[in-house]
2 protein chains.
Amino acid sequence: MNIGDVAKASGVPAKTIRYYEDIDLIRPQRGENGYRHFRETDLHKLAFLGRARALGFSIAACRVLLALYEDEGRSSSEVKAIASEHLQEIDRKIADLSDMRDTLAELVESCAGDNRPDCPILSSLARKVG
Amino acid sequence: MNIGDVAKASGVPAKTIRYYEDIDLIRPQRGENGYRHFRETDLHKLAFLGRARALGFSIAACRVLLALYEDEGRSSSEVKAIASEHLQEIDRKIADLSDMRDTLAELVESCAGDNRPDCPILSSLARKVG
DNA sequence: CTTGACCTTCCAGTTGATGGAAGGTCCATG
DNA sequence: CATGGACCTTCCATCAACTGGAAGGTCAAG
């Protein structure tokens with residue numbers, strides 16, 4: 001399969017696939033014409049990567065996950081550890097965003113949104129103290 | 001005030017303050033020795049920026065907010081519009097992260113996390129369909 | 001006069017792609 | 001056999017918003 005085929009099949013854009021090869025996530029073979037040639041396993045890896053990235057795993061984490069995926073002698077605890085850590089990271093992000101959200105929602109609600117200049121949002125951003 | 005002073009007072013790192021000057025968010029004066037010299041208004045702007053960034057506003061949004069902040073003839077509706085849009089963006093992000101979180105939490109829960117290689121997390125990432 | 005804490009500029013790196021230019025290849029059609 | 005369009009290639013630049021570090025100037029205290 002050429003890059004366009006795997007792109008379609010895996011849902012990972014061709015541009016991104018080239019990038020993944022660049023950073024050694026995948027190693028497609030090359031044809032005589034210089035075209036990348038993808039085997040089934042490459043396609044599987046790309047689909048795997050696409051799903052892992054969709055779950056928010058970093059490229060570094062994907063690299064480890066992919067290695068574990070290919071390592072028959074792995075322990076599921078290794079995988080679980082990575083996923084758990086990532087889950088915590090996501091929870092942290094959600095918590096941070098929720099804090100922002102609450103503050104922002106309050107400010108937006110308190111703002112008249114009319115043609116007068118007085119604005120609690122700006123006042124809050126410009127406030128002298130905590 | 002020198003950059004170190006405003007950094008301390010505003011909570012914005014010196015490095016970041018230089019960057020903000022670089023992208024024309026602030027325009028501190030210069031002393032004869034080449035040092036940046038910050039006035040009260042600069043400090044206010046930096047604190048403003050620090051709070052806006054902490055609420056997740058992009059630099060582009062901050063630029064507009066800062067302009068509105070300094071424009072006596074503004075309408076609060078302009079400010080509210082920017083904040084509302086940002087609020088929606090945050091809500092979108094939270095929703096996305098929550099989806100990831102739920103999927104991930106399910107997977108983590110279903111994984112034994114022992115020394116055997118079988119792992120629902122990897123199976124899910126490697127799944128053929130759906 | 002030296003030491004150390006400041007300050008300066010400039011260049012590179014981070015994360016994870018994405019856009020685009022310039023050019024080679026392949027295949028179907030005329 | 002030529003030509004056109006859809007592929008493919010590489011390489012370089014760009015995005016956000018900083019951050020780190022090197023090399024060197026300045027200032028105040030002891």
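Numbered from 1 within each chain, the chains take letters A, B, ... in sequence-line order. In this text the structure is predicted, and so the values were computed from the model without any measurement.
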key: Atom-pair distance (CD1 on B:Ile17; P on D:dT19), nearest Å   = 11 Å
d(CG, B:Asp22; P, D:dG20) in whole Å = 17 Å
query = Between B:Asn33 and A:Arg30, who's closer to the 5' end of DNA chain D by nearest nucleotide?
reply = A:Arg30
task = Between A:Gly34 and B:Glu32, name the one whose nearest nucleotide on DNA chain D is closer to the 5' end.
result = A:Gly34
key: Base of C:dG24 paired with side chain of A:Tyr35 (donor-acceptor, under 3.5 Å)   = yes
Answer with base, sugar-phosphate or nothing: what part of the nucleic acid does [X] contact at a heavy-atom distance below 4.0 Å?
| X | result |
| --- | --- |
| B:Tyr20 | sugar-phosphate |
| B:Ile3 | sugar-phosphate |
| A:Arg18 | base |

Judged by atom type as modelled, is there a donor-acceptor pair below 3.5 Å linking the side chain of [X] to the main-chain atoms of [Y]?
| X | Y | value |
| --- | --- | --- |
| B:Arg63 | B:Ala60 | no |
| A:Asp102 | A:Asp99 | no |
| B:Ser58 | B:Ala61 | yes |

inquiry  = Heavy atoms from C-beta onward define the side chain here; which of C:dG16, D:dA17, D:dG21 lies closest to that of A:Tyr19?
reply    = C:dG16
ask   = Taking the side chain of A:Ile59 as its heavy atoms from C-beta onward, which of C:dG16, C:dC7, C:dC10 lies nearest to it?
value = C:dG16
ask   = Does C:dG16 have OP1 or OP2 sitting under 4.0 Å from an N or O in the side chain of A:Thr16?
value = no
ask   = Has A:Arg36 got a side-chain N or O lying under 4.0 Å from the OP1 or OP2 atom of D:dT10?
value = yes
task = Kindly assign one of parallel, tilted or perpendicular to the pair B:Phe57 and B:His86, based on the angle between their ring planes and the thresholds 30° and 60°.
result = tilted
